[in-house]
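What follows is a set of notes on a single structure, which appears directly below.
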Amino acid sequence: METKKLATGAAPRKLSDYLTRARDKAPAHAGHGMGGAQSVREDNYRGHEIEIVTTYKILVDGKKIRAPLGVDASGQVHCHSLPNYQTASAVGMVRALIDGFPEEFERKPAPAKRQPPASHKRRPAPARKSRSAAKKGSKHEH
């Protein structure tokens, strides 16, 4: 490649334009982004076109996790995070993710209950004298 042509193509403006065009032409990589993983399986059977769209919303301990799960035509589940694994179910894959990345699923201790500031603490009620004790010390008698 010619040095001058390479330098021209690597100029920030030219490179930015090239990458923008390349991104717009690239096929969408299904399943990534905020919406969760999505798989599309297609088949033809006895003259019928079959399309199955599978979307996973996965919660672990009540928290949504972003695991790019996919399903192949035979129903096996795979995940980009564990490329050498295939499981028979999404549950099996989430279990493998928990085993493979335990630090990602550690439970954080619940925050301690807040104590009221010292100025807001209740003061103990003053000791009350019993009625008979109050009468004994009283100068006023009936």
Side-chain angles (χ1 to χ4, degrees), residues 1-140:
M1 180 175 261
E2 297 175 29
T3 307
K4 187 176 179 181
K5 190 175 180 180
L6 181 62
T8 303
R13 181 71 178 178
K14 277 263 194 193
L15 185 59
S16 172
D17 291 345
Y18 170 77
L19 292 173
T20 300
R21 285 192 311 271
R23 181 196 65 203
D24 294 342
K25 289 180 183 176
H29 198 84
H32 291 268
M34 297 302 289
Q38 186 178 70
S39 293
V40 179
R41 293 175 282 168
E42 297 174 334
D43 193 19
N44 289 310
Y45 184 73
R46 294 187 180 182
H48 300 281
E49 292 182 20
I50 301 170
E51 180 176 302
I52 301 172
V53 179
T54 306
T55 304
Y56 293 103
K57 176 182 175 185
I58 304 167
L59 301 174
V60 175
D61 298 327
K63 294 180 183 174
K64 186 176 180 180
I65 65 166
R66 295 175 60 189
L69 301 187
V71 182
D72 66 15
S74 67
Q76 292 288 306
V77 178
H78 56 90
C79 180
H80 290 282
S81 305
L82 295 170
N84 295 327
Y85 283 73
Q86 276 196 326
T87 58
S89 70
V91 172
M93 183 54 73
V94 173
R95 288 179 177 177
L97 289 169
I98 291 171
D99 290 342
F101 305 98
E103 68 280 356
E104 297 290 327
F105 297 94
E106 287 179 357
R107 293 176 191 234
K108 295 179 182 170
K113 286 187 176 182
R114 291 183 57 193
Q115 296 291 329
S119 62
H120 292 176
K121 283 188 178 176
R122 288 185 150 194
R123 293 184 184 157
R128 297 183 79 187
K129 293 181 180 177
S130 67
R131 220 169 203 196
S132 59
K135 282 186 179 179
K136 285 180 188 175
S138 172
K139 292 181 182 176
H140 187 79

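Listed by first then second residue, pairs satisfying salt bridge (charged side-chain N to carboxylate O under 4.0 Å, His left out) with a partner in residues 52-62 read D61-R107, not counting sequence neighbours. The stretch residues 88-103 participates, sequence neighbours left out, in no side chain to side chain donor-acceptor pair (under 3.5 Å) pair at all.
For D43, the side-chain hydrogen bond (donor to acceptor under 3.5 Å, both in side chains) criterion is met by no residue, not counting sequence neighbours. Among residues two or more places apart in sequence or in another chain, the side-chain hydrogen bond (donor to acceptor under 3.5 Å, both in side chains) test is passed with R13 by none. In this structure T54 satisfies the side-chain hydrogen bond (donor to acceptor under 3.5 Å, both in side chains) test together with R41, sequence neighbours excluded.
The heavy-atom pair separating A90 from Y56 by the smallest distance is CB-CE2, 3.4 Å. In plain terms, the two heavy atoms of T55 and Q38 that are nearest each other are OG1-NE2, 3.2 Å. Shortest non-hydrogen contact noted between Y85 and A96 is CD2-CB, 4.3 Å. Contact between E51 and V40 at its shortest, heavy atoms only, is CG-CG1, 3.8 Å.
Contact annotation: the side chain of L97 approaches that of C79 to within less than 4.5 Å [non-hydrogen atoms, C-beta and beyond]. When side chains are defined from C-beta on, L59 does not count as touching I65, because their heavy atoms never get closer than 4.5 Å.
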List, one per line, each side-chain donor-acceptor pair under 3.5 Å for residues 69-76, sequence neighbours excluded.
unit_1, atom_1, unit_2, atom_2, d
D72, OD1, S74, N, 3.0
D72, OD1, S74, OG, 2.8
D72, OD1, G75, N, 3.1
D72, OD1, Q76, N, 2.9
D72, OD2, Q86, NE2, 3.3

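Rounding to the nearest 0.5 Å gives a distance of 11.5 Å between CG of L82 and NE2 of H80. Note that the OG atom of S81 and the CE atom of M93 stand 9.0 Å from one another [nearest 0.5 Å].
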Please determine whether side-chain contact (heavy atoms from CB on, under 4.5 Å) holds for the pair V60 and V94, giving the CA-CA distance in whole Å, both sets of side-chain angles, and the decisive distance to 0.1 Å. CA-CA 9 Å; V60 175; V94 173; 3.9 Å; yes
